[in-house]
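Taking it in order: structure first as structure tokens, then the write-up.
As a basis for the values below, the full set of heavy atoms in this structure was taken, side chains included, without hydrogen atoms, waters or symmetry mates.
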Amino acid sequence: MPVHTYTNWNSRPSDLEEQIEPYRKYFFICEGANTETFYFKRLIDLRKQLGIHPLIDIRLWEKTDEDRNLSFAKKLADFAEKQKQNPDNDFDSERDKMVIVFDGDIFEEKVQGYDELIASIEENDIAAVTNPGFELFLILHVEGSYERNIKGHETEFLSMDERGRYSYAYNVLLELTGINAKTNSKIGELADNVFVAIAQEKMINQDIYQLKGNVSSNVGKIIESIINEKPDI
């Protein structure tokens, strides 16, 4: 079984009550095995407090076993497509949406075919992209972080360190929270401030087609649209 589904969709409290099926399910599948998982599990647990409509469900597909560290967006998109076809995963292609979460930093330097990849994902699903990486989106959850830590520092975010990695966002996040985002599940608690992140994300580039050379994220925009969705039933 290559994915494990995390959800807090309410199972019926008793056999007397009718089981309600969600109108639409959003399945998040992420490039990172840890940081994003910590975050989206917490977000899912908060679905009621966030005011997500009772008939909208959000679920996390966690990659398991040999697929756990499956990375690079194209492979991830292919993997997600396979999971949609598996009847055990309860994906309704008429209504449900897959949200494929990945880092844009790999496209800054060397990887071609970004626009084609986004177009192919967005045909049926949703591409959630952060540039350089997911830590940037997490930084936005800290009140005032755009003004203090991002504005005027865009070049640092998009520059590689001496080991060839985009580590600036990770280091800023560590400084702001004192939490190692790669290993400590407490980083997920930033989801409690998702409305701060949604507001601050509007100050950076949210157009994933204009990603290259821009500090960017559209994750908050996607979460906001899910929170605001009111099924027409």
Side-chain angles (χ1 to χ4, degrees), residues 3-9 25-52 56-64 67-71 73 76 79-80 97-105 125-143 145-146 149-150 157 166-202 204 206 208 215-228:
V3 289
H4 168 256
T5 303
Y6 184 84
T7 175
N8 78 345
W9 184 254
K25 301 182 291 292
Y26 287 91
F27 290 88
F28 283 78
I29 192 161
C30 306
E31 185 174 33
N34 287 346
T35 310
E36 292 91 328
T37 300
F38 299 147
Y39 180 83
F40 285 110
K41 280 187 171 179
R42 179 69 172 179
L43 192 76
I44 286 166
D45 289 342
L46 292 171
R47 61 185 296 279
K48 275 190 174 167
Q49 292 96 303
L50 296 177
I52 291 173
I56 299 292
D57 191 17
I58 46 175
R59 300 182 180 186
L60 175 68
W61 272 351
E62 291 180 75
K63 307 185 297 286
T64 59
D67 295 307
R68 181 166 161 73
N69 291 310
L70 180 73
S71 197
L76 191 65
F79 177 76
K97 290 287 180 190
M98 176 86 65
V99 184
I100 299 173
V101 184
F102 61 95
D103 297 346
D105 58 13
D125 298 306
I126 299 166
V129 196
T130 42
N131 193 24
F134 196 72
E135 289 87 359
L136 171 77
F137 175 62
L138 294 180
I139 289 167
L140 293 169
H141 290 68
V142 178
E143 194 82 57
S145 58
Y146 170 73
N149 307 99
I150 299 174
F157 275 95
Y166 292 90
S167 57
Y168 187 80
Y170 168 82
N171 292 330
V172 170
L173 183 63
L174 182 61
E175 194 182 308
L176 287 173
T177 63
I179 299 169
N180 181 337
K182 295 190 191 308
T183 58
N184 190 337
S185 62
K186 277 186 78 65
I187 201 71
E189 293 174 15
L190 284 174
D192 298 25
N193 297 341
V194 68
F195 289 110
V196 173
I198 286 168
Q200 291 201 107
E201 191 188 77
K202 291 172 178 159
I204 64 170
Q206 291 181 297
I208 56 172
V215 166
S216 310
S217 174
N218 71 333
V219 179
K221 188 179 179 182
I222 291 163
I223 294 169
E224 183 178 37
S225 72
I226 294 172
I227 291 169
N228 290 339

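- A donor-acceptor pair is defined here as one N or O able to donate and one able to accept, closer than 3.5 Å; no such pair exists between the side chain of Thr130 and the backbone of Pro132.
- Counting only heavy atoms from C-beta outward, the side chains of Asn34 and Asn184 never approach each other to under 4.5 Å.
- With Asp125 contributing its side chain and Ala80 its backbone, the two residues share no donor-acceptor pair below 3.5 Å.
- Nearest heavy atoms, Ala197 versus Phe137: CB-CE1, 4.0 Å.
- Relative ring orientation between Phe27 and Trp61 is described as tilted, the plane-to-plane angle lying within the 30° to 60° band.
- Summarising the geometry of Leu50 relative to Leu43, their closest heavy-atom pair is CD1-CD1, 3.7 Å, with the distance given to 0.1 Å.
- Residue Ile44 is tested with Leu60, Asp57, Ile52 for a side chain to side chain contact (heavy atoms under 4.5 Å, CB included); the sole match is Leu60.
- Ring centroid separation for the pair His141 and Phe195 does not come in under the 6.0 Å cut-off.
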Full working for side chain to side chain contact (heavy atoms under 4.5 Å, CB included) between Glu135 and Val172: CA-CA 9 Å; Glu135 289 87 359; Val172 170; over 6 Å; no
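- The shortest non-hydrogen separation linking Ser217 to Ile204 is N-CD1, 3.8 Å.
- Using a 3.5 Å distance cut-off with no hydrogens or angles, the side chains of Gln200 and Ser145 do pair a donor with an acceptor.
- Side chain of Glu36 to backbone of Phe134: no donor-acceptor contact under 3.5 angstrom is found.
- Residues Lys182 and Thr35 share a closest heavy-atom pair of CA-OG1, 3.6 Å.
- Remark: the backbone N or O of Ile227 is not paired with any side-chain donor or acceptor of Arg47 at under 3.5 angstrom.
- Looking at Glu189 and Lys186, a side-chain N of the basic residue comes within less than 4.0 Å of a carboxylate O on the acidic one, giving a salt bridge.
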Stepwise side chain to side chain contact (heavy atoms under 4.5 Å, CB included) check, Glu224 with Asn228: CA-CA 6 Å; Glu224 183 178 37; Asn228 290 339; 3.5 Å; yes
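- When the shell of 6.0 Å around CD of Gln49 is examined, it contains more than 12 heavy atoms from other residues, nucleotides or ligands.
- For the pair Ala127 and Asn218, the tightest heavy-atom approach, listed with the atom from each and the gap, is O-ND2, 2.9 Å.
- From Ile100, atom CD1 reaches atom CZ of Phe79 across 11.0 Å, with rounding to the nearest 0.5 Å.
- Contact annotation: the side chain of Ile139 approaches that of Phe157 to within less than 4.5 Å [non-hydrogen atoms, C-beta and beyond].
- When the options Asn149, Ile198, Ile150 are evaluated for a side chain to side chain contact (heavy atoms under 4.5 Å, CB included) with Leu140, the one that passes is Ile150.
- Shown here for Asp103 and Gly133, the closest heavy-atom pair between the two residues is OD1-CA, 3.4 Å.
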Derivation of the side chain to side chain contact (heavy atoms under 4.5 Å, CB included) call for Val99 and Ile29: CA-CA 6 Å; Val99 184; Ile29 192 161; over 6 Å; no
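- Between atom CG of residue Asn131 and atom CZ of residue Phe102 there is a gap of 10.5 Å, rounded to the nearest 0.5 Å.
- With Lys97 as the fixed residue, the side chain to side chain contact (heavy atoms under 4.5 Å, CB included) test singles out one of Ile222, Ile226, Ile126: Ile126.
- If you check the side chains of Tyr170 and Asn180, you find a donor sitting under 3.5 Å from an acceptor.
- By the side-chain hydrogen bond (donor to acceptor under 3.5 Å, both in side chains) test, Asp45 is found to be paired with Tyr6, residues two or more places apart in sequence or in another chain being considered.
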Worked verdict on Tyr39 versus Val101 for side chain to side chain contact (heavy atoms under 4.5 Å, CB included): CA-CA 12 Å; Tyr39 180 83; Val101 184; over 6 Å; no
